[in-house]
Amino acid sequence: MRFTTRFAPSPTGYLHLGHAFSALEAFDAAQAARGRFLLRIEDLDRGRCRPEFEAAILEDLRWLGLRWEEPVRRQSEHMGQYEAALQTLSARGLVYRCFRTRREVAEAIATAPHGASGEVFHSEALPTAEEGERLARGESFAWRLSLAQARAELGRAFDELAFEDEAGPVHAEPGRHGDVVLARKEFPASYHLASVLDDALQGVTHVIRGEDLHEASHLHVLLQALLEIPTPLYRHHKLILSADGKRLAKRDSSATLRSLREAGKTPADVRTMLANAT
Ligand code: GLU
């Protein structure tokens, strides 16, 4: 299969040096492999995403010298696909409605009896009558992945889940995440669900992203197994830190590509800064 990778920013702010590094890592890898480079706009969080940030992202990436296949995939235009995947999982009892508030979930974790492994949340579907009453009252809920059901369905394959990282094979431990939220009543898909589906739908063979998402990959492998979609190869790259050694955040305006450009830096300067920062 032809090497295919992607950069998948969320338009919640301006791109900074950390994003530039991630985008260039993926773009350069695609160039070197004579493969495909895709851009995906992860704009499911309607409260935080803004069209002006999306426009700025495209402009900044073009300025940096990146080119990608058109059309760009915008997650908000594919809600139906995420809903269909959720329904598939639901029909198999792999997700359940959880009506607990974030605070109640935090309390449940804090008071769980099983020590170190009790740091994550597990629950189960409510009895049908109670669930029906809560739905009728219009209460909010999250769709959570049932790890117990996933384990029951996959059997031994659950314990053998793995992914290939640049440094070698990694045994996946999705249990570390507990029963994660895959969607909410008013929100068709979490980052996890949408991201693994999109990678499959877009034929991504190599996921290249920051090491802050290494943990997420443990869960993504499980979702791929349940959805019967391929597991790509992974590369989790180092994060670019600010001068004081902290992780760059979208609010660090001095490190945005816009401000660097306005200060007269060129794309070549950005590459030099990144080479010196890693
Ligand atoms: N939208 C995600 C982010 O901004 C992308 C993560 C990924 O590459 O899977 O962190």
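Each ligand, and each atom within it, is numbered from 1 in the order the structure gives. Everything numeric here is computed off the predicted structure, so don't read it as measured data.
- For the residue pair H214 / D165, a side-chain donor-acceptor distance below 3.5 Å is found, with atom types taken as modelled.
- By the 4.0 Å N-to-carboxylate-O rule, R156 lies close enough to E160 to be salt-bridged with it.
- Atoms of ligand 1 found under 4.0 Å from any heavy atom of E42 (numbered from 1 in listed order, with element): 1 (N), 2 (C), 5 (C).
- With a 4.0 Å heavy-atom cut-off, ligand 1 is reached by no atom of F7.
- For the ligand labelled ligand 1, residue R6 lies inside the 4.0 Å heavy-atom shell.
- Contacts of V207 with ligand 1, taken as heavy-atom pairs under 4.0 Å, are absent altogether.
- Of all the atoms in ligand 1, the ones that sit under 4.0 Å from a non-hydrogen atom of L213 are 6 (C), 7 (C).
- Using a 30° and 60° split on the angle between ring planes, H236 and Y234 fall in the parallel class, below 30°.
- Within ligand 1, the atoms closer than 4.0 Å to a non-hydrogen atom of R209 are 7 (C), 8 (O), 9 (O), numbered from 1 in the order shown.
- In this structure a side-chain-to-backbone donor-acceptor pair under 3.5 Å is missing from H218 to F163.
- For ligand 1 and Y191, the ligand atoms under 4.0 Å from any heavy atom of the residue are 6 (C), 7 (C), 9 (O).
- With hydrogens and angles left out, the side-chain atoms of T266 and D269 include a donor and acceptor closer than 3.5 Å.
- For a threshold of 3.5 Å applied to N or O pairs, the pair formed by A8 and ligand 1 contains at least one separation below that value.
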* Asked: Run the salt bridge (Lys or Arg N to Asp or Glu O under 4.0 Å) check on E107 and R100 step by step: do they pass?
  -> CA-CA 10 Å; E107 276 166 17; R100 296 200 211 197; over 6 Å; no

